[in-house]
Chemist: 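To start, I am sharing the structure in question, which I have written as structure tokens.
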Number of protein chains: 2
Amino acid sequence: MAKSKEPKKDLYTIPIDGFFQSAFSVDCVIFGYHEKELKVLLIQRGTSPYEGDWALPGDLVYPHEDLDTAADRVLMELTQLEDMSMLQVKTFGKVDRHPLGRVITVAYFALVELQEISPMASSWANDIKWHSVKRIPKLAFDHKDILMECLDALRSLIKREPLWTRVLPKKFTLTELQEVFETVLVKKYDKGNFRKKVNGMKFLKRLEESQINVRHRPSTLYKFDQKLFLQYRESGSVVEF
Amino acid sequence: MAKSKEPKKDLYTIPIDGFFQSAFSVDCVIFGYHEKELKVLLIQRGTSPYEGDWALPGDLVYPHEDLDTAADRVLMELTQLEDMSMLQVKTFGKVDRHPLGRVITVAYFALVELQEISPMASSWANDIKWHSVKRIPKLAFDHKDILMECLDALRSLIKREPLWTRVLPKKFTLTELQEVFETVLVKKYDKGNFRKKVNGMKFLKRLEESQINVRHRPSTLYKFDQKLFLQYRESGSVVEF
DNA sequence: TCAAAAGTGTTATAGGTACACCCATGT
DNA sequence: ACATGGGTGTACCTATAACACTTTTGA
């Protein structure tokens, strides 16, 4: 996360030669999870406006680039994660949301495994860092609003969509799964009741394998079956965590 | 809904003098309800591209206009309804969604009382008409996708948000309310159970008034209490229809 | 007195919550 | 043997669904 001496690439510094009138951008709320911690990836701006402030990573949408692709690109540039699909949440389009001109921005979010951010990514800004969602600093533009909307979206979607598969190993224990939900939703689940619910979800398949080298009774491992999940969804059953 | 000889105002005809590269627009899915019928307001395009095809009403966003304001303006120009807030659903930004250039469009919807469309509105297009949601014609651009997304949004939101207040009189019967839900969600509710649910919603207040001149037992009238509803919502109770 | 819709009550079942207790493993 | 979490069972409560029945009006 060291500062870089390379020329900064700034997200919102559009050719300011009098031509900048309007533009669209994507802003990405990248949530990182690891062992009962939920964080969000923020950059520290290296250029005006809001120089030095923390902000969401984002970029202008290229002329021949789909909106979704632009969001995925930002994620990829920061985390090297490919094939991730960022989820669209809401578009922010107040006239005065950007001091230099009209910028309409589309907010996206994703939940990924917490990881070290490669130095490459630091060309984006002065600094780039994971921040606990419990302690969000003051943010540039209307990024605080954007972040909050995306946090709401994450909390509501994770109950229905298998977003959590991104942050757990292929084979996981039910306690690990329960911890993801407890962390994201900031609430406790009863162990027994949680397991009863999982039992009703046939796409969560119990394996014939257990943990090893743990100093307590080893836990049975489970895996997520994508095909069964899709069938499940087709059938119209709406089971939520 | 007669054709107009006035110069057509086309939603997507931007100064095509070689400068048109990108623009943002709003597209509005205006649902109209009246007596167990759910319709949607469509215009017939008077200009290329897609001339003659049906399409959603929409317009480019003015340089100094908020996104939400633009959507409300489109609704107002068509229906004379003010103080309506269109609800944002999703932004559509595929590169090739508009044949003449890059147009990113933000989809909004509203549910309003079905009404005659004023002749004034017809300056927008060749024709403008309510279509049953059960028989949607082929639509221009990706408007079919947009419409479907908005229909999903309506169906999911109406259970939690009092959108239905827009299509019922101030004083209404529970049967009228039930019919709104049955029509929008295309399913039947049990009378007794529906009333039990309403009884639990303290913001639906029973009045000391009844219907008159009906050839059956007169129904008690109810009203929606906005203040109580907001309290309810603050308190975190999540009661849905 | 009849049709039509309002309005109420009963029962069965499913799902959620709280909690207690036993089990398997490493140290 | 004991600490640590894994794993299961039960009893209670509430929400929902299906359905039957009574009530009030105009014609």
Side-chain angles (χ1 to χ4, degrees), chain A residues 35-36 155-156 158-160 164 168-169 171-183 185-224 232 235-241, chain B residues 35-36 155-156 158-160 168-169 171-183 185-223 232 235-241:
Chain A
E35 288 182 359
K36 304 198 211 178
R155 286 177 174 155
S156 133
I158 199 172
K159 294 181 200 164
R160 295 175 274 123
W164 49 265
L168 289 181
K171 300 170 180 181
F172 52 87
T173 71
L174 292 190
T175 301
E176 286 170 337
L177 181 59
Q178 185 177 336
E179 283 169 357
V180 175
F181 281 95
E182 292 186 338
T183 305
L185 298 173
V186 198
K187 76 173 201 183
K188 288 288 173 196
Y189 283 80
D190 177 89
K191 191 178 19 147
N193 299 335
F194 187 82
R195 278 148 197 270
K196 244 177 279 173
K197 188 156 261 179
V198 165
N199 244 287
M201 300 177 172
K202 301 305 181 195
F203 52 86
L204 289 174
K205 295 220 296 197
R206 182 190 195 117
L207 301 175
E208 295 307 318
E209 245 177 299
S210 297
Q211 288 180 310
I212 47 169
N213 280 333
V214 284
R215 71 179 190 298
H216 56 71
R217 175 173 176 177
S219 181
T220 308
L221 295 172
Y222 283 71
K223 78 180 184 73
F224 173 72
Y232 219 77
S235 78
S237 351
V238 187
V239 185
E240 287 196 355
F241 281 95
Chain B
E35 288 184 359
K36 303 197 207 177
R155 287 178 173 154
S156 133
I158 200 173
K159 295 182 201 165
R160 292 174 277 123
L168 289 181
K171 300 171 180 180
F172 53 87
T173 71
L174 293 190
T175 301
E176 285 169 337
L177 181 59
Q178 186 177 336
E179 283 169 356
V180 175
F181 281 95
E182 291 186 338
T183 305
L185 299 173
V186 198
K187 76 173 201 184
K188 289 287 171 195
Y189 283 81
D190 176 89
K191 191 179 19 149
N193 298 334
F194 187 82
R195 278 148 197 271
K196 244 176 275 174
K197 187 157 259 176
V198 164
N199 244 289
M201 300 178 171
K202 301 305 182 198
F203 51 87
L204 289 175
K205 295 221 294 196
R206 181 189 197 120
L207 301 175
E208 296 307 320
E209 243 176 299
S210 297
Q211 287 180 309
I212 46 169
N213 279 333
V214 283
R215 71 182 191 294
H216 59 257
R217 174 172 175 178
S219 179
T220 307
L221 294 172
Y222 283 71
K223 78 179 185 76
Y232 219 79
S235 79
S237 350
V238 187
V239 185
E240 287 197 357
F241 281 94

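Only heavy atoms go into these numbers, but all of them, side chains included; no hydrogens, no water, no symmetry mates. Numbered from 1 within each chain, the chains take letters A, B, ... in sequence-line order.
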Chemist: Taking only side-chain N and O atoms of Arg217(A), does any of them lie within less than 4.0 angstrom of OP1 or OP2 on dC23(C)?
Modeler: no

Chemist: Considering only heavy atoms from C-beta outward, does the side chain of Leu177(A) approach that of Trp164(A) to under 4.5 Å?
Modeler: yes

Chemist: In this structure, how many angstroms lie between the P atom of dT8(C) and the CG atom of Asn199(B), rounded?
Modeler: 8 Å

Chemist: Could you tell me how far apart Tyr222(A) (OH) and dG6(D) (P) are, to the nearest whole angstrom?
Modeler: 12 Å

Chemist: Verify, without hydrogens or angle tests, whether Glu182(A) (side chain) and Tyr189(A) (backbone) share a donor-acceptor contact under 3.5 angstrom.
Modeler: yes

Chemist: Rounding to an integer number of Å, can you tell me how far Lys196(B) NZ sits from dT16(D) P?
Modeler: 10 Å

Chemist: Whole-Å distance between dT17(C) P and Lys188(A) NZ?
Modeler: 16 Å

Chemist: Checking only heavy atoms, does the side chain of Asn193(B) share a donor-acceptor pair with the base of dA17(D) at less than 3.5 Å?
Modeler: yes

Chemist: Between P on dG5(D) and CZ on Arg195(A), what's the gap in Å once rounded to a whole number?
Modeler: 13 Å

Chemist: Have a look at Lys197(A) and say if it touches a base, only the backbone sugar-phosphate, or nothing, with a 4.0 Å heavy-atom cut-off.
Modeler: sugar-phosphate

Chemist: Using only side-chain N and O atoms of Thr220(A), determine if any of them is under 4.0 Å from OP1 or OP2 of dG6(D).
Modeler: no

Chemist: Just the rounded figure in Å: distance from C1' of dT24(D) to CD1 of Ile212(B).
Modeler: 16 Å

Chemist: Does Ser219(B) place a side-chain N or O at less than 4.0 Å from the phosphate oxygens OP1/OP2 of dA5(C)?
Modeler: no

Chemist: Between P on dG7(C) and CD on Gln178(B), what's the gap in Å once rounded to a whole number?
Modeler: 12 Å

Chemist: Work out which heavy atom in Pro169(B) is nearest to a heavy atom in Glu176(B); give both atom names and the distance.
Modeler: CG-OE1, 4.5 Å

Chemist: Do Thr175(B) and Thr173(B) have a side chain donor and acceptor closer than 3.5 Å?
Modeler: no

Chemist: Please report, rounded to the nearest Å, how far the P atom of dG6(D) is from the CG atom of Leu177(A).
Modeler: 12 Å

Chemist: Taking only side-chain N and O atoms of Arg215(B), does any of them lie within less than 4.0 angstrom of OP1 or OP2 on dA4(C)?
Modeler: no

Chemist: Checking side chain to side chain contact (heavy atoms under 4.5 Å, CB included) for the pair Leu168(A)/Phe224(A): CA distance, chi angles, key distance, verdict?
Modeler: CA-CA 10 Å; Leu168(A) 289 181; Phe224(A) 173 72; over 6 Å; no

Chemist: Using a cut-off of less than 4.0 Å, is there contact between a side-chain N or O of Thr175(B) and OP1 or OP2 of dA6(C)?
Modeler: yes

Chemist: Using only modelled atom types and a 3.5 angstrom limit, is any donor from either the side chain of Lys191(B) or the base of dA5(C) paired with an acceptor on the other?
Modeler: no

Chemist: By nearest nucleotide on DNA chain D, pick out whichever of His216(B) and Pro218(A) is the more 5' one.
Modeler: Pro218(A)

Chemist: What contact category does Thr173(A) fall into here, base, sugar-phosphate, or nothing, at under 4.0 angstrom with non-hydrogen atoms?
Modeler: nothing

